[in-house]
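In what follows, a single structure is set out as structure tokens and then discussed.
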Amino acid sequence: MTREKERFVSRDPGRVAIYSCGVTPYDESHLGHARPAIFFDVVRRYLTRRGWQVRYVQNFTDVDDKIIARANQRGEPPLELAARYADDYLSVMDVLGVHRADAYPKVSEHIELIVQMVSRLVEKGHAYVASNGDVYFAVETFPQYGKLSHQRLEDVMAGARVEVGETKRNPADFAVWKAAKPGEPSWPSPWGPGRPGWHIECSAMSLHYLGNHFDIHGGGVDLVFPHHENEIAQSEAFTGEPPFARHWLHNGLITTRSEKMSKSLGNFTTIRALLGQYPAPFLRFFLLSVHYRTPLEFSPETIANAWRGWQRLLLAWQQVYAREQAVRSRVGAAGLGADAGRQPGGGSAGDEGRAGNDHPLSPLEQAVAASRTSFDEAMQDDFNTAVAISSLFELARQVNSQAAADPPVDDPGVARGWLAAATAFRDLGVDILGVLPDDPNRALQSASPAAAAAAGSGNETAPGGVTPANWSALVELILELRQRARARKDWTEADEIRRRLGEVGIVVEDTPQGSRWRWQPKGV
RNA sequence: GGCGGGAUAGCCAAGGGGCAAGGCAAGGCUCUGCAAAAGCCUUAUACGUGGGUUCGAGUCCCACUCCCGCCUCCA
């Protein structure tokens, strides 16, 4: 509201109520929809980790002009079409690792609630019934109109389009209830059969599920005006007790060729298509690699750039993961404190310079502490995921450095360092941001053509019975043959196999511990 | 036209009165059968332009240029 960062103070101690505008499900979800979903997912995960009790609600606007138009065009009942795409949305969000909201209210299931709200607005004189049966919100009855978008009513009026047959008193008035037209779904109301206008559903459902003055309201920056502005007007007129929401978080848009990605421009890439090419944690990494308010350009170049960075993080995680296992199996976690380095909330306050029992911190433990601190500071400063990720990169460098030096894991300090690093990667990268897979080895290999085909078809198994598992087995076999060639120093043969595998997107690296491989999508 | 947001090295991108994060790319070295990965080092006059405020401005103020978003459905 002030357009500045404010100190967050919740309505109820220890609890955070968040509402974010969901989608109008009339088509497949694209990358632009993933951004707020993943961002708020991280907000929830982080706040939860910090000990907040989070209640998160996201709506489906399943009664809408576009849905009706699309449904009529396809000869399918509008609500069925909407339900189908809503399910589709949820299923791709599942694959992206987005935790389910506490509620996904649909307009069609809350008509009563909306009718009551409209009635009340009419009673209070904030809304009026027009001659055509529509009910409009009278913006002039709400003097603060425009406070979110910083628009003055006169300017809005000047810019408002006046449609044919307009029955509004003021051009900026907006419909809270629309009289039914032939062929449209409708519900009974005191003003005759009709359906809710856009905006009203978010007011009705957010107030219903979260109560007045809830903490955070979110959505894309393209919703600031008129959607959120109108929500505020009708909600605060309705309750008579501002503020409707205490804080507003608006995410920036995804662009392609510097233009907004949107359904209407037709320049979108569906999430499902992307999941066929890239692992979900990578897509999260891509979306979280810039601050949520910054526009994010989607192009082959930006994806390729992000991919290389992500690989670096992932390979470091793989190093840590392997060392952690080594430590656990060789030394046993018991004597070390299995949770060395774990601190609730991802924070690091308190034990700098000490590791649990009085040991001086080993270098890696210090690096872990530093990363946790900067991660935490970043997240507490307007959820700066870009900086949070950079603290992961700093840790990755320390990890790689120590992995290269390879000090004996029998050394207690070294062992504690590996465990602390593993816990940090797991807490920050896997659990909070979700930009790393819980098993780094699987992610490097299962992001394969088989997995891609499976994701594209929505099945676990690609056509032909190919699964990530048997596909991996095939690659392992080829590498085994190559290893035989290497054993007899047939470098020509070994290099040829490596080159040919590279042509189909399999990167092979030879290490002192043997060869390893990973799948590399095209174009990165 | 109105209202917002933005312009930071070759590219992406944090920061937002006191030494300019991080990633990618580039060069050198180490390691390596080779390659890759990784490490170390290096590279940059990097804060759109012009004024102003200040001991000090990338950061605050004014003007300007260009880009984007919203004002019509949008995440």
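To find a chain, count down the sequence lines: A is the first, B the second, and so on, and within it residues start at 1. Just so we're clear, the structure is a prediction, and the values are computed from it rather than from any experiment.
Less than 4.0 Å separates RNA chain B from at least one heavy atom of each of the following residues of residues 293-304 of chain A: A:Thr294.
Annotation: of the two residues near RNA chain B, A:His291 and A:Ser391, the 5′-most nearest-nucleotide partner is A:His291. Both A:Asp381 and A:Trp310 lie near RNA chain B, and the one whose nearest nucleotide falls closer to the 5' end is A:Asp381.
Straight-line distance between the C1' atoms of B:G22 and B:A46: roughly 15 Å, to the nearest whole Å. Nucleotides B:G27 and B:A75 place their P atoms 44 Å apart, quoted to the nearest Å. Rounded to the nearest Å, the gap between the P atom of B:G2 and that of B:C64 is 11 Å. Taking the P atom of each, B:G48 and B:A14 are spaced 15 Å apart, rounded to whole Å. Across B:C61 and B:G23, the matching P atoms stand 32 Å from one another, rounded to whole Å. Comparing B:U54 with B:C68, their P atoms sit 37 Å apart, to the nearest whole Å. B:U65 and B:U72 have their P atoms separated by 26 Å, with the value rounded to a whole Å. Rounded to whole Å, the separation between the C1' atoms of B:A26 and B:A44 comes to 11 Å.
The partner of B:C31, taking Watson-Crick or G-U wobble pairs whose two distances both stay under 3.5 Å, does not exist in any strand shown. Nucleotide B:G69 is matched to B:C3 when pairs are restricted to Watson-Crick or G-U wobble geometry with both distances under 3.5 angstrom. Nucleotide B:A44 forms no Watson-Crick or G-U wobble pair with any nucleotide shown, as no partner meets the under 3.5 Å limit on both distances. The partner of B:U49 is B:A63, by the rule that a Watson-Crick or G-U pair needs both atom distances under 3.5 Å. Under the Watson-Crick or G-U wobble criterion, with both distances below 3.5 Å, B:A13 is left unpaired in every strand shown. Base pairing of B:A21 is not made with any nucleotide, judged by Watson-Crick or G-U wobble geometry with both donor-acceptor distances under 3.5 Å.
Looking only at distances, no side-chain donor or acceptor of A:Gln380 sits under 3.5 Å from a matching main-chain atom of A:Glu377. Checked by atom type and distance alone, the side chain of A:His228 never pairs as donor or acceptor with a backbone atom of A:Val221 at under 3.5 Å.
Residue A:Gly146 is out of contact with every strand shown, counting any heavy-atom pair closer than 4.0 Å. Among the atoms of the strands shown, base atoms are found under 4.0 Å from some heavy atom of A:Ser262. At the heavy-atom level, A:Gly219 lies under 4.0 Å from the strands shown only through sugar-phosphate atoms. As judged by a 4.0 angstrom heavy-atom cut-off over every strand, A:Leu253 is placed among the base-contacting residues.
One interatomic measurement links the two molecules: CG of A:Leu287 to C1' of B:A13, which rounds to 15 Å at whole-angstrom precision. Counting to the nearest Å, the P atom of B:C70 and the CZ atom of A:Phe225 are 13 Å from each other. Note: CZ (A:Arg397) to P (B:C40) measures 6 Å, nearest angstrom. In this structure, A:Ile389 places its CD1 atom 13 Å from P of B:G15, rounding to the nearest Å. Taking atom NZ of A:Lys147 as the reference point, atom C1' of B:G4 lies 18 Å away to the nearest angstrom. Straight-line distance from the CD atom of A:Glu229 to the P atom of B:G4: 12 Å, rounded to whole Å. Atom pair A:Leu288:CG and B:G22:C1' shows a separation of 15 Å (rounding to whole Å applied). The CD1 atom of A:Ile254 sits 14 Å away from the P atom of B:G69 (whole-angstrom rounding).
Closest contact between the side chain of A:Glu394 and the listed nucleotides B:G22, B:A75, B:C68 involves B:G22. The side chain of A:His30 lies closest to B:A75 when the candidates are B:G39, B:A75, B:C70. Of the candidates B:A75, B:C73, B:G23, B:C73 carries the atom nearest the A:Lys66 side chain, counting heavy atoms from C-beta on. Each of B:A14, B:A75, B:G2 was ranked by its minimum atom distance to the side chain of A:Pro36; first place goes to B:A75. With B:A13, B:C73, B:C3 as the choices, the nucleotide that has an atom nearest any side-chain atom of A:Ser264 turns out to be B:C73.
Partners of A:Glu301 according to the side chain to side chain contact (heavy atoms under 4.5 Å, CB included) rule, which considers only residues two or more places apart in sequence or in another chain, are A:Ser299. Residues meeting the side chain to side chain contact (heavy atoms under 4.5 Å, CB included) test with A:Gln398, sequence neighbours left out: A:Leu364, A:Ala367. Not counting sequence neighbours, the partners of A:Val414 by the side chain to side chain contact (heavy atoms under 4.5 Å, CB included) test are A:Gln402, A:Pro407, A:Asp411, A:Trp418.
A salt bridge is defined here as a Lys NZ or Arg NE, NH1 or NH2 lying under 4.0 Å from an Asp or Glu carboxylate O, and A:Lys66 with A:Asp64 fails to meet this definition.
Under the 30°/60° scheme for interplanar angles, the aromatic rings of A:His33 and A:His30 are found to be tilted. Ring geometry for A:His227 against A:His199 counts as tilted: the plane angle lies between 30° and 60°, on a 0 to 90° scale. Relative ring orientation between A:His217 and A:Trp248 is described as parallel, the plane-to-plane angle staying below 30° on a 0-90° scale split at 30° and 60°. In this structure, A:Phe282 and A:Trp307 have perpendicular ring planes: the angle between them is above 60°, well past the 30° mark.
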- [ ] If a protein heavy atom is under 4.0 Å from the base, mark B; if only from the sugar-phosphate, S; if neither, -; do that for nucleotides 25-37 of chain B going 5' to 3'.
- [x] S-------BBBBS
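Contact between the side-chain N/O atoms of A:Asn400 and the OP1/OP2 oxygens of B:G39 is found at a separation under 4.0 Å. Regarding contacts with the backbone of B:A75, every side-chain N or O of A:Lys260 stays at 4.0 angstrom or more from both OP1 and OP2.
Atom CG of residue A:Leu148 and atom NE2 of residue A:His250 lie 5.5 Å apart, to the nearest 0.5 angstrom.
Looking only at atom types and distance, the side chain of A:Asp376 has a donor-acceptor partner in the side chain of A:Tyr46 under 3.5 Å away.
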Under 3.5 Å, which donor-acceptor pairs do the side chains of residues 256-263 of chain A form with other protein atoms, sequence neighbours left out?
unit_1	atom_1	unit_2	atom_2	d
A:Thr256	OG1	A:Asn267	ND2	3.2
A:Lys260	NZ	A:Asp222	OD2	3.2
A:Ser262	OG	A:Ser264	OG	3.3
A:Ser262	OG	A:Leu265	N	3.2
A:Lys263	NZ	A:Thr24	O	3.3

